[in-house]
Amino acid sequence: MASADGVRPRLGELFTEERSAEVVCASLADSPDPRLRRVLESLVRHLHSFVKDVELTEREWQDAIAFLTDTGHKCDQTRQEFILLSDVLGVSMLVETINHRAAGRATESTVTGPFHVVDSPPRELGADISGPGSGDPCLVSGRVTGPAGEPIPGALVDVWHADADGFYDVQKPGTVPEASLRGLFTADADGRFWFRTIVPRYYPIPVDGPVGRLLGAMARHPYRPAHIHFIVTADGYAPVTTHLFDSGSPYLDSDAVFGVKESLVRTFAPVDDPARAAALGLPSPFRSVEFDVTLMAAS
Ligand SMILES: [Fe+2]
């Protein structure tokens, strides 16, 4: 039962290798949701094209089903293996980038990551968020502005990061106070924020699951370069979810989740100035990094 014009799919056309995608897409003709129909049609076309491109074997199809099943079984309240799979295939970054195209001088976005699982506690500007862990003391400061360079007083700056061993507080339950290395700051009248902490270390994404096995099969390492997470929000402006990356970290050019953007890399510069350190309440020497954030107007 070929379609009348030989090209357009028609419900009732029988499945063939050549027109497999068209036949399946024809079954979507009565889908009442146009967006769902568009997404599913594209998914079917790409999936069929992929299977034909690699001439997928039945054994490979079974292995793929088993892999996805394992990925689902690995998920629980604190572990999301499907997001991890999306991350290591670059899909999370692609979705993030498409949905938050930075215009002009606006700060670029990157992935949220899996560790924003507890609310950051509100803290005073200048607070020390380093918790009980040791590490290189560091001042983080910056200014939140709008697209015309105007300061944004009261902008909320939510930060969280790993410790000097590469672990987040939630990965050390019962050993460090919850919300260590996290803070929610309110920018001052000039849009400025600052806080004290320690320099974070690079860390591996979780590899004790199917995604770890996949990375191994691809001979890829699991590491993310050292970074501090930011979510910056303000009334009237589009929020940005992003990272500040340490220019001195390894893995900047091979982030396991492809999260690095050049505009987000900063130097944690050493400062040997005892008087300034004392004024800030930091040991001397310390390190200092500046990260200005420019928000776009809300659309
Ligand atoms: Fe992170």
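First listed ligand is number 1; within each ligand, the first listed atom is number 1. Just so it is clear, the values below take in all heavy atoms, side chains as well, and ignore hydrogens, waters and symmetry mates.
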If hydrophobic clusters are built by linking Ile, Leu, Val, Met, Phe, Trp and Tyr wherever their side-chain heavy atoms come under 4.5 Å apart, do Leu181 and Val232 end up in the same one?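 No, Leu181 and Val232 fall in different hydrophobic clusters.
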Show all protein N/O/S atoms under 2.8 Å from the Fe ion (ligand 1), or state that there are none. Tyr168 OH, Tyr203 OH, His227 NE2, His229 NE2
From the list Trp160, Phe167, Tyr168, ring pair (Phe, Tyr, Trp, His ring centres under 6.0 Å) partner of Phe115 resolves to Tyr168
Take Thr112 and His229 through the test side-chain hydrogen bond (donor to acceptor under 3.5 Å, both in side chains) and record every step on the way to the result. CA-CA 8 Å; Thr112 307; His229 292 264; over 6 Å; no
May I ask you to decide if Glu108's main-chain N or O and Thr242's side chain share a donor-acceptor pair within less than 3.5 Å? yes
Assess the pair Phe193 and Phe185: is the distance between their ring centroids shorter than 6.0 Å? no
Please check if the number of heavy atoms outside Arg38 that lie under 6.0 Å from its CZ is greater than 12. no
